[in-house]
Structures are given as C-alpha cells and as structure tokens.
J.: 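Structure incoming, see below.
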Amino acid sequence: MSAYLITNVSVVGGPPTDLLIRDGVVAEVADDLSAPDATVVDGTGLVALPGLVDLHTHLREPGREDAETVESGSRAAALGGYTAVCAMANTSPVADTAGVVEQVWRLGREAGLVDVQPIGAVTVGLAGERLAELGAMADSAARVRIFSDDGHCVADPKLMRRALEYVKAFDGIIAQHAEEPRLTEGAQMHEGEVSTRLGLIGWPAVAEEAIIARDVLLAEHVGSRLHVCHVSTAGSVEVLRQAKARGVRVTAEVTPHHLLLTDERAETYDPVFKVNPPLRTAADIAALRAALADGVIDIIATDHAPHAVEDKECEWAYARPGMLGLETALSIALDVLGPEWDLIAERMSRTPARIAGLTGHGVDPAPGVPANLTVVDPAARRTIEPAELASRSRNTPYARMTLPGRIVATFLRGEPTVLDGKAVK
Ligand code: DOR
C-alpha cells in the first residue's frame, strides 16, 4: 500500500500540520513529519476534512445508465469530496429486493471510488401499496438500514406505521419524501406569488409540512427512527423543532439547492430549476439556514438527481424534477456557511455517517482512523462548466456560476480517488 504525506494542512480548520497516510489509515498527525517513501502533497492553504458522506444520491443504475451509472456517480462523488454515498431506491427495477440492493452494492465495490450503501424501497415498486422485502434487504450482503420511496411519498398512514414498526427490530430508518400527493396534483413549482404570476400550478408548503407532522407523530407512537428527506420550508423546520424538543427520533436533511436558490428561478422557464420539492422563497431559505446552524436540520444531503437531456431539456411541464449535486455541494456549503469547517464536517460528514451507521466514515483525521478524507482549497474559485462534470448528466443549476472552493484530493481507505483535483481512475 502507498503512503502520502500531506504537509502544512489545516485539519478541520485547525493550525497547519503534517498528515501521514499509510496502510489505509492516518498514521500520524504532527508537525515536521518526514516519510521518504511517501508521495508528498503540499497542503499549504488547504483544509483536510473527514470524507464527505451523502445520505441521498440517485445513481440511476440499474435502468437509466444513460443518465448515470454507479461508477460515473461514484466518480462525481469522489470529485466532490465524498467517500461514501447512500444510493436511492428509485432505479429500474426498483431496489425493493435483496437482489437489486446487492447488485448496486457490488457495482459500488467494483467501481471502488466511494463506499456505496444502497437504500431499499419501503414499498414494492414504490407503488405505496405493499411493504417491500425490508427484512431480506437488511439481511442481504448490502446490509440495508435505510428505506425510502424517495421521489414518492409513503402517503398511506397505515403503511407508514407498519414500515416504522418493521424496521424498529433492527434500528432501521424510514426516510420519507414528505409530499401529500393530493395537495400537489399537477403542481409545477412552489405555490406563491411567483407561481401566480407565471400561471403555473403551485406546490403548497403545507403538502410537505402535513406529512412531516403526521410522520413525527407516527414515529413517536412507534418509537422508531424517521429521517425527513430534502426539507424545504420554514413551516417544516418548526414542525421538526417541536418534535425534536419532545425527543422524537427524527433526523432531517436539506439540499444545497434549497439553501441557495429561490422560486424566482422558475421565471426563466429553464427546467434545470425544476425540482421536487420545489425551490422555495427567500424566507424559507433563511429558516433552513438557521435550522442547519442550530441543528434542527441535521445534515446537508445532495439529492443528486441526474437526468438525460431528453428528460430535462424540454418544456417545463414535461421535464423531470431534479438537479445534479455531488460535484458542487461543498462549494455551495462554503458559499452559504462560510469557512465554518467544524459545522461543515458535522453536517456533511460526521452526522450523515452516524445516521447511516457507516463505520470508518465521518471520523476526523487522527492517528489510527481509516484514511477516508478530503482536502479542500478554500481560496480557489471555479466556474462550473456542465461539460466538465464527471456525471453522465448535465443538469446542474450552477452552470457558468463561479463558486468558492475546490476539492484537491480525496482518499478512500488511504488510496487517492482524486489527486490534483482530478479523478485518479
Ligand atoms: O427532484 C427530485 N428528483 N426529487 C426527488 O425526490 C426524486 C429525484 C429524482 O429521482 O429525479
């Protein structure tokens, strides 16, 4: 195994020091290290973070390999500073059996760029009618612990209750896409002033808030773990704040795009800004940012949702919802939070790793810990060119925007997946 010496690097915002990686682990963190056999990476001005962990990634394989594969999505993740991602279940076929989750898990191992932890579907075919084989997926080689019908809400309260009861036995998590479907029929964007002006059917905030309110009560009743995907409204934050204050076992995520972009982007009619849940208002963004800072929202998750050109570059009404996220998430976090390295490590690495139970991830670089880490240049600025992204898809909402920060290197168990800002394989 190879050795790497990162010199003069700040570990999670601390004073500059040297960091030696050897045999898959962080061997030493100290000043003036020397290791003649090691490849030297000049870390001057750079920050080392525990490798980022994404709890919400769409990798599209099996089924839509034209939009993304486990390998291309893994490469995008590594370039974004990630060492582990949780792959959502809305593939084709749906990841609702042990066979499909094992396939995704195995493809992740073969790609070897990040650890790919499959999420299993809650219901068969995401149809919301019958529970999927949750136990078989949990017992499979993929050891699934998080289940989600993301893209669809588990709208039936009885089914949601059963799912929460079922996973309690192995301390599993139901990750809910909170959207009351009756309230969003035909919806195209956030319901508000802009939707009224554009004449588009709106997606009311209450469609999200009503499901979160219901589900925190169900989770409290059952005593199970609930995770809320892509929280997007100020009202949802208040529901979560109250639930957490009562001790409900609920965690929540926010996406980079919901922290930055408002519903006014729909005025362009550019479908790259169509997403589920929709972009909301500046007041929602302010509430989400505050909740991220005070911990009511636990993590940033990308909801990386690659879509092929024909599914995205069409009329707004026909375009699929979703945006790329893996290769830009850290830059958006830096833009939104500033160089708050401890908070960034907490929200993008330590806490998501803890929620997903990914041992060896989300641990700050220190002697003896697995060398899953990323090295960031906070002073760099880069202009996003969709054609230069590693994802197979091009639907980034940040095209030609100049964003702060650049991932210089990423290490997975001591081996670089990214060096000099470029993918190693
Ligand atoms: O915008 C979204 N796209 N939201 C989801 O919940 C699903 C995702 C997708 O799979 O494209």
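As the structure lists them, so they are numbered: ligands from 1, and atoms in each ligand from 1. These values consider heavy atoms only, across backbone and side chains, with no hydrogens, waters or symmetry-generated copies.
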J.: Could you tell me whether the side chain of E179 and the main chain of P181 form a donor-acceptor pair under 3.5 Å?
T.: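 Not at all, since once roles are kept as given, no pair shorter than 3.5 Å links the two residues.
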J.: Looking at non-hydrogen atoms alone, which of D150, N276, D149 comes nearest to atom 7 (C) of ligand 1?
T.: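 Shortest heavy-atom distance from atom 7 (C) of ligand 1: D150.
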J.: When you compare the side chain of P306 with that of S391, does any pair of heavy atoms fall below 4.5 Å?
T.: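 SC-SC contact between S391 and P306 confirmed.
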J.: Check this for me: does any side-chain nitrogen of one of R350 and D342 sit under 4.0 Å from a carboxylate oxygen of the other?
T.: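 A salt bridge is present here (some side-chain N lies under 4.0 Å from a carboxylate O).
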J.: Is it the case that the side chain of R392 and the backbone of E65 share a donor-acceptor pair, with hydrogens and angles ignored and the cut-off at 3.5 Å?
T.: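 Here the side-chain-to-backbone pair exists.
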J.: Heavy atom under 4.0 Å from ligand 1: found in H230's side chain, backbone, both, or neither?
T.: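 For H230, the contact with ligand 1 is made by the side chain alone.
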J.: Just to confirm my output: which protein heavy-atom neighbour is closest to atom 3 (N) of ligand 1, and how far is it?
T.: P321 O, 3.0 Å
J.: With a 4.0 Å heavy-atom cut-off (strictly under), which part of M323 contacts ligand 1: side chain, backbone, both or neither?
T.: neither
J.: First locate atom CG of L46, then atom CZ of R406, and finally report the distance between them rounded to the nearest 0.5 Å.
T.: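 One gets 9.0 Å once the value is rounded to the nearest 0.5 Å.
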J.: Nearest to atom 8 (C) of ligand 1, what protein heavy atom do you find, and at what distance?
T.: H58 NE2, 3.7 Å
J.: Taking only heavy atoms of N90, which atoms of ligand 1 are found under 4.0 Å from at least one of them?
T.: 9 (C), 10 (O)
J.: Please list, in number order, the atoms of ligand 1 under 4.0 Å from a heavy atom of H307.
T.: 11 (O)
J.: Which value, rounded to the nearest 0.5 Å, describes the distance between H307 atom NE2 and R60 atom CZ?
T.: 4.5 Å
J.: Would E165 and R161 pass as an ion pair if we require N to O under 4.0 Å?
T.: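 Yes, E165 and R161 are salt-bridged.
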J.: At less than 4.0 angstrom from any non-hydrogen atom of V275, what atoms of ligand 1 do you find?
T.: 1 (O)
J.: Does K312 approach ligand 1 within less than 4.0 angstrom via side chain, backbone, both or neither, non-hydrogen atoms only?
T.: neither
J.: Would you say ligand 1 has an N or O under 3.5 Å from any N or O of A305?
T.: no
J.: Strictly under 4.0 Å, does any heavy atom of R60 approach an atom of ligand 1?
T.: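 Distance cut 4.0 Å: R60 passes for ligand 1.
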J.: Going by an N to O cut-off under 4.0 Å, is there a salt bridge joining K425 and E415?
T.: no
J.: Within ligand 1, which atoms have a heavy atom of H177 less than 4.0 Å away?
T.: 6 (O)
J.: Mind checking whether R320 contacts ligand 1 via backbone (N, CA, C, O), side chain (CB onward), both or neither, at a 4.0 Å heavy-atom cut-off?
T.: neither
J.: Do T374 side-chain atoms and A48 backbone N/O form a donor-acceptor pair below 3.5 Å?
T.: no
